[in-house]
Chemist: 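What follows is a single structure, and I will ask about it in a moment.
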2 protein chains.
Amino acid sequence: MAIHRTYSGSGTGAVTAGPKKRTRIQAKNEARIVAAALDVFSMHGYRGATVDQIALSAGMSKANVLYYFNRKEAIYSAVLAHTLSNWLNPLDDLDPEGDPITELWQYALQKLRMSRETPYASRLFANEILQGAPVIRPFLDTELKALVERKCRTIQTWIDAGELAPVAPLHLIFLIWSATQHYADFEAQIQALNTDSEESLYADAERTLQLVLTRGLAP
Amino acid sequence: MAIHRTYSGSGTGAVTAGPKKRTRIQAKNEARIVAAALDVFSMHGYRGATVDQIALSAGMSKANVLYYFNRKEAIYSAVLAHTLSNWLNPLDDLDPEGDPITELWQYALQKLRMSRETPYASRLFANEILQGAPVIRPFLDTELKALVERKCRTIQTWIDAGELAPVAPLHLIFLIWSATQHYADFEAQIQALNTDSEESLYADAERTLQLVLTRGLAP
DNA sequence: TCGTACCTTGACCATCTGGTCAACAATTTA
DNA sequence: TAAATTGTTGACCAGATGGTCAAGGTACGA
């Protein structure tokens, strides 16, 4: 997760010289700011978010927010870095030794539940990528690409062994990502079109996705 | 497509009294503005777009843009209204008389090709819905909801007739939307992760989606 | 040709917003 | 406790941006 290194300003703002030890107060306030900023950025996008909103949401003054993060962009980078690993980690769990269809369905299910439980993270990335990924492009080009290529090889191995339908591995990953993140990113649309309870909504989503994936991926 | 009526300001700005006939120049310039605004809004979102950018892209002065559309929001509404019908029309083509899996796959294919050919429209809606659909929520709640419910009934009929796997119709539609629009909305990510040509990218996407859908939906 | 209505824009204004700074408060350290 | 470091904020600034307006230009019917 090298996003951290990409943006030098994402640390403590007041300290310009070498890396000093972080105070308790620093850690606490930076965490509060990042948590507040996730809300604001994921709702309004980078440009639509204001430092004032973030400060208000974090319960402190704008000047104080900019004391910890010199620039608005630094807050944004910190939020992305803080969220990115959690958001993408499950992919790493795909086990080449496991049963392909079980592994893939478990991955999809985990992503679907994450979309429900932490939609902010999903919308944060959706916004970032919609704008052309100006900040996390370096990460996409290097670490995410390496991870995805590794997992594509795993999937291809399954296909070659006749344990999985002959899909294009990369596009299977895209399919799982899109189908699950949709429930977070397009929540407003889904709320408008759904008539049932949220509970049964997600139950139906799981059922349908499981059915299509398990049948669609059978060799 | 009643979005037009929702925003009174989306017509000619200078004329405040009743509906007068539109000049040739009016029609031409409004079309130029809407086309330019689609580019700008889809790239930067509502808040990130500036009237100056739109004016520059349309080849006229900012003041002139605001002569035809009194408010920035009016431009935005006009762009949404102009794009919405084209973007959602294919769903209406689902023929209850046709073969279910063929019909659904043709619909998915059409959406996938639209994502490739006119990604701006997709990204425009993605931005709008990510922000909570502040402008098109009334449309979602009424016309889109009615259309989707109608199509869900069609799908349910197919299921009841044993011609289709027992999925939740609404979620099947979500699956098709998400899997296809993903290629437009997340283009930046896809570009970063793809190593092949764009041609083979979309060929693989079609092949994988067809395989999973046709197998996954078989009764 | 003339007059009217429509078109176009540079200059301008009010507001919003990211960022700075000096002054003061709290906390840690010697 | 005294000094020094760290934390906090109201006031302020500069640039960006949505929107207005008066003044002048252009098309078009009578």
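Reminder, nothing fancy here: chain letters follow the sequence lines and each chain counts from 1.
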Chemist: Under 6.0 Å from the ring centre and within 45 degrees of the ring axis: does the NZ or CZ of A:Lys72 meet both conditions for the six-membered ring of A:Tyr46?
Modeler: yes

Chemist: Salt-bridge test for B:Glu128 and B:Arg137: reply yes if a basic N is under 4.0 Å from a carboxylate O, no otherwise.
Modeler: no

Chemist: NA contact type, A:Ala49, heavy-atom cut-off 4.0 Å: base, sugar-phosphate, or nothing?
Modeler: sugar-phosphate

Chemist: So which nucleotide from C:dG18, D:dT9, D:dG7 ends up closest to the side chain of A:Met60?
Modeler: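 Minimum distance to the A:Met60 side chain belongs to D:dT9.
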
Chemist: Ignoring backbone atoms, test whether B:Tyr67 places a side-chain nitrogen or oxygen under 4.0 Å from the OP1 or OP2 oxygen of C:dC7.
Modeler: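 Yes.
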
Chemist: Considering only D:dG18, D:dT9, C:dC16, which nucleotide approaches the side chain of B:Arg47 most closely?
Modeler: C:dC16

Chemist: Judged by each residue's nearest nucleotide on DNA chain C, which is more toward the 5′ side, B:Lys28 or A:Gly48?
Modeler: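 The residue whose closest nucleotide sits nearer the 5' end is B:Lys28.
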
Chemist: Between atom CG in A:Asn64 and atom P in C:dT27, what is the gap in whole Å?
Modeler: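 In whole Å, C:dT27 P and A:Asn64 CG are 13 Å from each other.
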
Chemist: Report, as yes or no, whether the 6.0 Å neighbourhood of atom OH on A:Tyr120 holds more than 12 heavy atoms from other residues, nucleotides or ligands.
Modeler: no

Chemist: Using a cut-off of under 3.5 Å, enumerate the N/O to N/O pairs linking the protein to nucleotides 20-28 of chain D.
Modeler:
from	atom 1	to	atom 2	distance (Å)
D:dC28	OP1	B:Arg24	NH2	2.5

Chemist: Mind calculating the distance between CG (B:Asn29) and C1' (C:dT9) to the nearest angstrom?
Modeler: 13 Å

Chemist: Roughly how many Å is it from CD1 in B:Ile75 to P in D:dT17, rounded to a whole number?
Modeler: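 After rounding, the reported distance stands at 14 Å.
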
